[in-house]
Each structure stands twice: as structure tokens, then as C-alpha cells.
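Each chain gets a letter, A, B and so on, in the order its sequence line appears, and its residues count up from 1.
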Amino acid sequence: MIEPRILKGFRDSLPQQELRRKDLITCLESVFSSFGLVPIDTPVLEYTEVLLGKGGGETDKQVYTFTDHGGREVAMRFDLTVPFARYMASHAHELPLPFKRYHVDKVWRGENTQKGRYREFYQCDFDIVGIDHVSADFEILLIINESLKRLGIPAFSVHLSHRGIFNSFLADLGIADRAPDILRCVDKMQKIGLSEVEAQLQEIITIQQTRDVLAFISASGTPLEVLSALGDLCGKAQEHIHRLSILTDFAMDAGCADTLVINPSITRGLDYYTGVVYETYLDELEAIGSICSGGRYNDLASLYTKQKLPGVGASIGLDRLLAALDELSDTPSRSSTADVLVICMDESRMGDYQRIACRLREAGLHAEVSLTKRRLPQQFSYAERVGIPLALILGEEELESGTYTLRDLQSRMQERLQSIEKLVNRCRLLTGKGAHTL
RNA sequence: GUGAGCGUAGUUCAAUGGUAGAGCACCAGAUUGUGGUUCUGGUUGUUGCGGGUUCGAGUCCCGUCGCUCACCCCA
């Protein structure tokens, strides 16, 4: 016998979790579509040189690579953004610009595991490519907002910053060459706090420079107040600050400014961001970290093409978001999609059971039939355990008289219905599924 | 990848180196067309896996796999 084990950092998904994930993805996709974004797909495997580019970075060590049967050096995608850059370079001439896409799929990273951090996980990306314009930055912000609202998340905030402002500020201090280290350090602000960041910064730059940097990232208040403070600290970045202020104006006009926070300590670790950057936190679950982040990257496709393809986008951490939704909602999750369980009273009447179940299915209801005769309590318990709300009892009496006994498993009330139409209507009412629902 | 802690029944947890246990859950029956109570009976298991020390290992040692935490990085 072979032990049915699975690899570290890889997981099976039981129906209960998988249904929740699918529901979540369906909801997000409907939001994306409502903005006119279209779905795309790219291969799981790419040439190693395509994914790693010039290479040398920290991500290289985490990428699964191997030599295929034809001697090619191949790599599994570790995010959806880099393959997308390659995709745009390959197909830009076939696509309308600006191009808006979304992509939800698995990616792989061979790093060490931790709670909520796995070697195989889902990413959910949405981007607008082909224009470098504040309107695109704003639309991404709006999509983040709408997504979280539609998921029923009560309170969240989108933290916004701009790489260009910070870089210009660092250049003024004469420490632009250490920008990547400083950004990485400042990015930990949320997690390790101000004093720890200060200590780490002093190992990179002077005490005075550290004070300046801390003053910069500590600016807080309303978006307008922060922008004004940044303007004082960083005169050469007026263009970038102006862009953020237009973005803020748009957000106010669109009625989504209440979730907006300008937070200069947000930098994003990745070095390919060049403009606005986003991080999204749940007010009630800050400890879980950012559940949606992204930003503007204006040089991403330059590895693959001379054509200028500026883009802006964001990525939702589905696993984190699922964990968050689990904590926030108290509704029990189901492991069935059925609305009605047709009870088996007599195995020789299976044809009748399925015939009636099909009538329910044609009416848009999900009907599952018990395949063997078991004691009634067992069939009821099964339905309740997997989350099927209704049971349809078709015994000798009902089949002879053409009637239907419908039981509400939760209330344990049941009633006799005189026709299939009445049965359908009653099921729709009890499950909250209107006639229009499919 | 580096460092640390943990791994016993489906689950939550016990067991001075000396016969592997309890609650909950689960299954069967009392009740073959009605599940929430009660009663009776039952399975709870190669103590993650593999070696070693010992008369004897869940317990001590080594290795391995997995989980958790920190670093790193990030979703």
C-alpha cells in the first residue's frame, strides 16, 4: 500500500471549503465583469528565463524549476503578473488598449510554510494595461472597493501611497541608492511598529536621515492633510502628489472616499512598482494583514517588448480573504449545493423519485435523490449535516394520490402539497430562490 | 532556505521508562413513515513514519515527514 500523503505546503480541499472558495470567486468575477474586465489564461509552465527575467532576486530561490523531457529549462508560475507581462508582449497587437483583464488561478512558491502561507495557493489579479493615467489608478481603487463591499465585508480601508513620491524624497536626502532596502524596511511598519523600524533604518542610513524618513512615513490625517504634509516635505514630487490628490477627488465624487487612507508607509516590497501602491486592511481583523494589494508598474513588459505598456492592478489574497470571511461571518457553511433531498422510501420507486427530481431541476431547484433506502432519521440527518434545507417525502400514499410531502429540516414542520406547481413554489419560497434564478 | 517548539482515537485532552485511557462525536438496537430527550451495546489506535538505547519506549536518543512560530520574502 502507498501512503496517501501530500506534499508540504499543498492541500486538499473538502467540499465545504471548495464551495466557499467557488462562491467567493464567482462573486469577485461578477464584480470584475461588471466593470467590463475580461478573463484570460496563461500556461502554468513557462520557460525559466521568461519568468525569472534577469534573475538574481529573492523570488528566484522560491520558484519551482526543472528540465522537461525535451531538455528545456521550465518554471512554474509564481504569480500571475509576470506571465501577464509576457502575455501582453505576445498579444498586444491583437488586443484593444487599454486592456482590462482578470485572472484567478493557482500559483506556486517553494518557500517555507506558515499559517495562511502555502506552496500552492490562489491569486486573483485584475489589471488595466496600456495607459498611464490617473483614471486607471482610480478604477482599480474602485474595483477593490466594490469587491469587498459585494463580499459583505462591513469595514475595511484601502491604504494608498506613491512610490514616486518616496523615491523623490529619498533622492533629496541623497540616499536613493539604498531605496530598495529602505522600502523593504518601511514596508514592515504595520507589522513591527515605529520603534523597530527606526532601529533597522539606523543600520542603513544616518540618524538624521532616519528621522527624516520617519517624519515622512508618519504623516497621517485626512487624505488632504497627508497630501499637504507630503507637499511640504517633498517639493520635487509635486506631480506625483497632484496625481494622488486627483485620485482622492475622484474617490470623493464617486462616494468611496470613506475607505480611503493616504498612508506614506505603504511601499509594497516588490521593486517593479513605479507609481501608486495599494494595501487593503480589514478594520476588524488588522492582524491578518493586507488582503488586497497592488500598484502601478510602468516597465513590467519592457523585458519582453520595446512597446511601452504601462499598467496598474491589484491582487486579492484569496486564502487570507477566505480565512477572514470565516472569522467575520457566523453563517454555517454547507457541503452540498442541493435545495431538496428526495427521500428514498422504496428502492423500486427510484424512477418516480428521479422523474419528480427532474421536474424540480427544470424549475431551477437543486434536487438530490437518496440512492438507497435507509431509516428516515438517517436520511434527515444526512440532509441536515450537509446543509440541504428541505426533504421531499414520496411514500406509497403520496405517489398514489399524486401529492407531495415537503419537510423543512430546520423547523421540522412539514406540509402536504397537492401539485408539482405548488411544490415548486413552496420550495422557491423556502429556499429564497425566485422564479428567475437558475 | 536558517533557527525554535510540537506530533496519542474522527475531535478535545490524559498516561513517575512498566497492560494505551476519559468526555464529546460516531455506529447499532429499544423505534421498518419522521432525526433534538433517555437507556443499552459497540469501534474508537501500527501513539506521524523509520531506526537506536533498554529486560521493557507514547515517554530517552538519532533520522525523516508533517504542523506551528520567528527570520527572509510575500499572497
Side-chain angles (χ1 to χ4, degrees), chain A residues 1-12 14 57-63 77-82 103-125 180-181 183-185 187-188 190-192 196 200 266-273 277-281 288-295 313-324 341 343-347 349 370 372-386 388 391-400 405-416:
Chain A
M1 288 254 273
I2 298 168
E3 195 188 336
R5 57 188 186 152
I6 57 175
L7 288 164
K8 178 189 180 76
F10 289 71
R11 297 163 297 160
D12 285 328
L14 294 170
E58 190 62 35
T59 48
D60 293 21
K61 290 182 244 165
Q62 302 180 351
V63 178
R77 64 177 177 221
F78 58 92
D79 71 6
L80 298 176
T81 308
V82 172
H103 194 178
V104 186
D105 221 324
K106 283 179 173 176
V107 300
W108 295 266
R109 288 182 202 174
E111 67 176 332
N112 228 339
T113 56
Q114 234 173 87
K115 194 176 189 66
R117 294 178 60 175
Y118 307 98
R119 292 183 169 177
E120 176 182 64
F121 58 95
Y122 279 90
Q123 276 203 330
C124 168
D125 276 29
D181 287 339
L183 287 173
R184 249 193 297 281
C185 180
D187 197 39
K188 289 187 249 176
Q190 202 86 8
K191 193 174 179 183
I192 64 177
E196 188 60 29
Q200 292 188 15
I266 299 294
T267 67
R268 302 288 296 121
L270 293 175
D271 28 332
Y272 54 66
Y273 291 113
V277 287
Y278 316 87
E279 293 274 16
T280 309
Y281 298 97
I288 207 165
S290 172
I291 49 120
C292 175
S293 49
S315 179
I316 294 176
L318 281 189
D319 297 285
R320 271 188 192 179
L321 188 51
L322 271 173
L341 179 70
I343 302 295
C344 179
M345 308 290 287
D346 178 350
E347 293 184 8
R349 307 303 292 266
S370 279
T372 56
K373 182 180 185 223
R374 287 188 299 160
R375 293 192 307 115
L376 267 178
Q378 288 182 305
Q379 300 196 46
F380 290 155
S381 311
Y382 163 77
E384 186 152 71
R385 183 177 141 219
V386 300
I388 302 174
L392 180 59
I393 299 165
L394 301 168
E396 196 63 26
E397 282 175 53
E398 286 87 351
L399 288 173
E400 292 313 311
T405 298
L406 186 65
R407 181 180 181 86
D408 182 319
L409 274 322
Q410 209 202 337
S411 68
R412 304 195 172 194
M413 307 275 275
Q414 61 189 45
E415 61 189 310
R416 185 73 74 93

From [options], pick the nucleotide closest to the side chain of [X]?
X       : options                : value
R109(A) : G35(B), G33(B), C74(B) : C74(B)
T405(A) : C72(B), U68(B), G33(B) : G33(B)
T113(A) : C67(B), G35(B), C72(B) : C67(B)
Q123(A) : G35(B), U34(B), A75(B) : A75(B)
Q114(A) : G33(B), C72(B), A75(B) : C72(B)
N112(A) : G33(B), A70(B), U34(B) : A70(B)
F380(A) : C74(B), U34(B), G33(B) : U34(B)

Across the strands shown, which category fits [X] at heavy-atom distances under 4.0 angstrom: base, sugar-phosphate, nothing?
X       : answer
L321(A) : nothing
Y122(A) : nothing
E120(A) : nothing
L409(A) : base

> Closer to the 5' end of RNA chain B via nearest nucleotide, is it I316(A) or E397(A)?
Replying inline: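 Looking at RNA chain B, the more 5' nearest nucleotide goes with E397(A).
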request  = Let me know, please, whether A383(A) or F10(A) comes out on the 5' side of the other along RNA chain B by nearest nucleotide.
outcome  =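 Whichever sits nearer the 5' end wins; that is A383(A).
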- F121(A) on top of A75(B)'s base, within under 5.5 Å and under 30°?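 Here F121(A) meets both the 5.5 Å and the 30° conditions.
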field: Partner set under side-chain contact (heavy atoms from CB on, under 4.5 Å) for A383(A), not counting sequence neighbours
entry: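 A383(A): side-chain contact (heavy atoms from CB on, under 4.5 Å) contacts with L341(A), I388(A), L409(A).
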Under the side-chain contact (heavy atoms from CB on, under 4.5 Å) test, residues paired with Q378(A) that sit two or more places apart: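 Q378(A) satisfies side-chain contact (heavy atoms from CB on, under 4.5 Å) with R374(A), R375(A) once adjacent residues are dropped.
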Side-chain N or O of K8(A) versus OP1/OP2 of C67(B): is the shortest distance under 4.0 Å?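 So the side-chain polar atoms of K8(A) do come within 4.0 Å of the phosphate oxygens OP1 or OP2 of C67(B), strictly under.
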Given Watson-Crick and G-U pairs under 3.5 Å, RNA chain B in dot-bracket ([ ] crossing, | other strand) is (((((((..((((....[..)))).(((((.......))))).....(((((..]....))))))))))))....
Legend entry - Heavy-atom donor-acceptor pair, R117(A) side-chain to C73(B) base, under 3.5 Å: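 Yes.
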Quiz prompt | Base G33(B) to side chain Q379(A), donor-acceptor N/O within 3.5 Å cut-off | solution =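 It does not, because no donor-acceptor pair links the side chain of Q379(A) to the base of G33(B) below 3.5 Å.
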Here's a test for you: under side chain to side chain contact (heavy atoms under 4.5 Å, CB included), which of R77(A), Q62(A), R119(A), E120(A) qualifies with R109(A)?
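That would be Q62(A); it is the only one of R77(A), Q62(A), R119(A), E120(A) passing the side chain to side chain contact (heavy atoms under 4.5 Å, CB included) with R109(A).
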- Task: Please name the residue in the list V107(A), I316(A), T81(A) that meets the side chain to side chain contact (heavy atoms under 4.5 Å, CB included) test with D125(A).
- Result: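 Of all the options given, the one that passes is T81(A).
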Report task. Applying salt bridge (charged side-chain N to carboxylate O under 4.0 Å, His left out), name anything that partners E396(A), two or more places apart in sequence or on another chain. Result ->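 For E396(A), the residues satisfying salt bridge (charged side-chain N to carboxylate O under 4.0 Å, His left out) (neighbours in sequence not counted) are R349(A).
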Distance, rounded to the nearest Å, where [X] contributes [atom1] and [N] contributes [atom2]:
X       : N      : atom1 : atom2 : value
E111(A) : G1(B)  : CD    : P     : 12 Å
L392(A) : G33(B) : CG    : P     : 17 Å
I393(A) : G35(B) : CD1   : P     : 11 Å

Say you draw a straight line from OH of Y281(A) to OG of S293(A); how long is it, rounded to the nearest 0.5 Å?
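If we round to the nearest 0.5 Å, Y281(A):OH and S293(A):OG are 8.0 Å apart.
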Protein-proximity profile, nucleotides 26-32 of chain B, B/S/- by nucleotide at the 4.0 Å heavy-atom cutoff, equals --SS---
query: Do side-chain atoms of R320(A) reach the backbone of R117(A) as a donor and acceptor pair under 3.5 angstrom?
result: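 A pair under 3.5 Å: no.
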Next item on the list: Determine yes or no for a side-chain-to-main-chain donor-acceptor pair under 3.5 angstrom, with E398(A) supplying the side chain and G395(A) the backbone.
Entry: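 Side chain of E398(A) to backbone of G395(A), a donor-acceptor pair under 3.5 Å: yes, one is there.
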Distances under 3.5 Å only, N/O to N/O: pair up the protein atoms with those of nucleotides 36-43 of chain B.
residue, atom, partner, partner atom, Å
G36(B), N7, R412(A), NH1, 3.4

